[in-house]
Amino acid sequence: MKKRFWFAALSVYVVSLAGCGSLAKLDSVAQETAIQETQAQKADDQEKEQSKLQDNQMPAESVPTALANYTEAMYEYYLTKEELLADVGQGIIFRVDTAFQKPMCPIVNEGNWPFYVHEDNVVNLEISYSNLISKTGKTFYPYGEKVCVDVLSPDGETAYHFEKLYDEIMQDTSIQEQIAVTPGEWTLKISFAYVCDEARSHFKVCASYESPSEEDINWLREARLREHDAGIRPETKGDTADFELTDDGKKFLEYICKTVNDFERTDEKDETFWRDFLFLAYTGLWEDEAEIVNVPRADLGFDEPVVKVRLEEAQAYARLVFGEELPDLKPAFEEMKERQTSFFFADGCYYIGTSDFPDFQFHFDDCTVYEEEGSVYAVAQYGIDFEGASNVGTVRLTLVPAENENGFVLIAKERAFVSGF
């Protein structure tokens, strides 16, 4: 999988609130000044708007209008297309720079950003964060709070590794590294999960070529934009009359909005995707919806309530959602990390720790059916509400007709929050 941004067990599009501070030089001092001034103004505007919302200076019905002023199409989950292209032009491989506070819980799970090196070079990597909070007893995330950054060589070897887990993330950190790179396709791999408190947290990772070549920049530009510009061409045959989204189908997709990570049709669903899919699908169920049992957890100091799911049920659900077979994923209890929310397989069943979802609500907006070169697909759009604020984002679900109880399967999902949220 490429990139998955979660927001306390849901995806969040991380918004850049400040400049990268990349070591890659700009064309001129004037250009650098202009970019910094623009970013500073945007950050100031967003800070003021967020402050108004948090201080309840704005009536709830005015929130969508105020947030809409910052709505922009996001690329790479954290930049506008113009900002992304500006970064690429400077030789910036990746940049995320966030500033959130309670009740936010920013999460990225194994985001992979490839970059190509055409000649021997150096990658400048900056990692800095402050005011991150660890609440190790909280079950909002199956793998625990962490900050992990890896640079992987073309043969998959780790050229650089940074890892802080659980309470370690609470120590403010600021480091800069230079990593020698050789020709070939490299990968920047990032994971982070933390809880925000009243004090605003800051999180920044920025990687850039020391001396980017024209070939490096052209490859990076094409790679970053390819998935957004390629479009979807489903293989399923039929005509527009073959597809109908029923009320039951709408309700089913409302649950999918909450429990399936973003993915694209071209993505290969790896083990992490399937683990997340199963965890999110069942973690929010309670006694009236599922079988709940208690699992002794010496590392947690108590018996953890978990949802017990038969393998056959999980397999059938995977086929219903994606029209695909669930892979042979059977992690043992002993393989779990210490204090991790339960996710293991035993005696023909999955055992998945229970947790709540954040206070997001999803409402159906519309569904458009398309016919393209004899293929039929549909895009269902849902609006996102959060704690009294309406339409803070959208979810787009791409569907193709299928012979199952829903009449469709999911082939892509994209979530976008308004800028500043």
Can you tell me how far [atom2] of [Y] sits from [atom1] of [X], rounded to the nearest 0.5 angstrom?
X: Asn406; Y: Asp248; atom1: CG; atom2: CG; result: 8.0 Å
X: Asp97; Y: Ser128; atom1: CG; atom2: OG; result: 7.0 Å
X: Leu188; Y: Asp150; atom1: CG; atom2: CG; result: 8.5 Å
X: Ser342; Y: Phe279; atom1: OG; atom2: CZ; result: 9.0 Å
X: His363; Y: Cys257; atom1: NE2; atom2: SG; result: 10.0 Å
X: Ile384; Y: Thr394; atom1: CD1; atom2: OG1; result: 6.0 Å

Give a yes/no verdict on a cation-pi contact between Lys308 and Tyr350, requiring under 6.0 Å between NZ or CZ and the six-membered ring centre and an angle within 45° of the axis.
no
Check [X] against [Y] and note the closest heavy-atom contact, atom names and distance.
X: Lys337; Y: Arg297; value: O-NH2, 4.4 Å
X: Trp186; Y: Val181; value: CZ2-CA, 3.6 Å
X: Ile256; Y: Lys413; value: O-CE, 3.6 Å
X: Leu152; Y: Lys189; value: CD1-CD, 4.4 Å
X: Leu285; Y: Ile292; value: O-CD1, 3.9 Å
X: Ala389; Y: Val392; value: CB-CG1, 3.6 Å

Would you find a donor on one side and an acceptor on the other, under 3.5 Å apart, between the side chain of [X] and the backbone of [Y]?
X: Asn218; Y: Glu215; answer: no
X: Asn131; Y: Arg200; answer: yes
X: Glu185; Y: Phe115; answer: no
X: Tyr255; Y: Ala281; answer: yes
X: Gln361; Y: Asp359; answer: yes
X: Ser213; Y: Asp216; answer: yes
X: Asp197; Y: Ala199; answer: no
X: Asp87; Y: Ile92; answer: no

Go through Leu125 and Ile179 one step at a time and tell me if the side chain to side chain contact (heavy atoms under 4.5 Å, CB included) criterion holds.
CA-CA 8 Å; Leu125 177 64; Ile179 303 158; 4.0 Å; yes
On the 0 to 90° scale, with breaks at 30° and 60°, tag the [X]-[Y] ring pair as parallel, tilted or perpendicular.
X: Phe263; Y: Phe273; answer: perpendicular
X: Tyr129; Y: Phe203; answer: parallel
X: Trp274; Y: Phe277; answer: perpendicular

May I ask you to test the [X]-[Y] pair for a side-chain heavy-atom distance under 4.5 Å?
X: Asn294; Y: Val306; answer: no
X: Arg224; Y: Ile93; answer: yes
X: Asp347; Y: Cys349; answer: no
X: Glu222; Y: Leu220; answer: no
X: Leu165; Y: Glu163; answer: yes
X: Val409; Y: Val321; answer: no
X: His118; Y: Tyr116; answer: yes
X: Asp385; Y: Asn391; answer: yes

Please determine whether the number of non-hydrogen atoms from other residues, nucleotides or ligands lying under 6.0 Å from atom [atom1] of [X] exceeds 12.
X: Asp120; atom1: CG; result: yes
X: Gln171; atom1: CD; result: no
X: Lys250; atom1: NZ; result: yes
X: Glu214; atom1: CD; result: no

How far apart are the C-alpha atoms of Glu271 and Leu329, what are their side-chain angles, what is the distance that settles it, and do they pass the side chain to side chain contact (heavy atoms under 4.5 Å, CB included) test?
CA-CA 7 Å; Glu271 179 179 327; Leu329 176 64; 3.5 Å; yes
CA sep, side-chain torsions, deciding dist, call: Thr354, Thr283, side chain to side chain donor-acceptor pair (under 3.5 Å):
CA-CA 5 Å; Thr354 58; Thr283 186; over 6 Å; no
Derivation and outcome, side chain to side chain donor-acceptor pair (under 3.5 Å), residues Gln381 and Asp366:
CA-CA 5 Å; Gln381 179 166 307; Asp366 61 53; 4.8 Å; no
Identify whether the distance between the nearest side-chain nitrogen and carboxylate oxygen of [X] and [Y] falls below 4.0 Å.
X: Arg319; Y: Glu325; result: yes
X: Lys330; Y: Asp328; result: yes
X: Asp299; Y: Arg339; result: no

Given side chain to side chain contact (heavy atoms under 4.5 Å, CB included), test Val151 with Thr158 step by step and report yes or no.
CA-CA 6 Å; Val151 178; Thr158 300; over 6 Å; no
Would Glu126 and Lys204 count as a salt bridge (Lys or Arg N to Asp or Glu O under 4.0 Å) if you check the C-alpha gap in whole Å, the side-chain angles of each, and the deciding distance to 0.1 Å?
CA-CA 8 Å; Glu126 179 182 358; Lys204 178 178 181 180; 3.5 Å; yes
Compute whether any side-chain donor of one residue and acceptor of the other, for Glu119 and Asn121, lie under 3.5 angstrom apart.
no
Between Tyr382 and Phe362, is the ring pair (Phe, Tyr, Trp, His ring centres under 6.0 Å) condition met? List the steps.
CA-CA 6 Å; Tyr382 283 72; Phe362 301 91; 7.6 Å; no
Taking the ring centre of each residue, are Phe343 and Tyr282 less than 6.0 Å apart?
no
CA sep, side-chain torsions, deciding dist, call: Asp172, His202, side chain to side chain donor-acceptor pair (under 3.5 Å)
CA-CA 10 Å; Asp172 293 355; His202 293 267; over 6 Å; no
What's the verdict on side chain to side chain contact (heavy atoms under 4.5 Å, CB included) for Val260 and Phe322, showing C-alpha distance, side-chain angles and the deciding distance?
CA-CA 11 Å; Val260 174; Phe322 304 110; 4.1 Å; yes
Could you walk me through whether Phe408 and Tyr377 pass the ring pair (Phe, Tyr, Trp, His ring centres under 6.0 Å) test, one step at a time?
CA-CA 9 Å; Phe408 61 80; Tyr377 68 99; over 10 Å; no
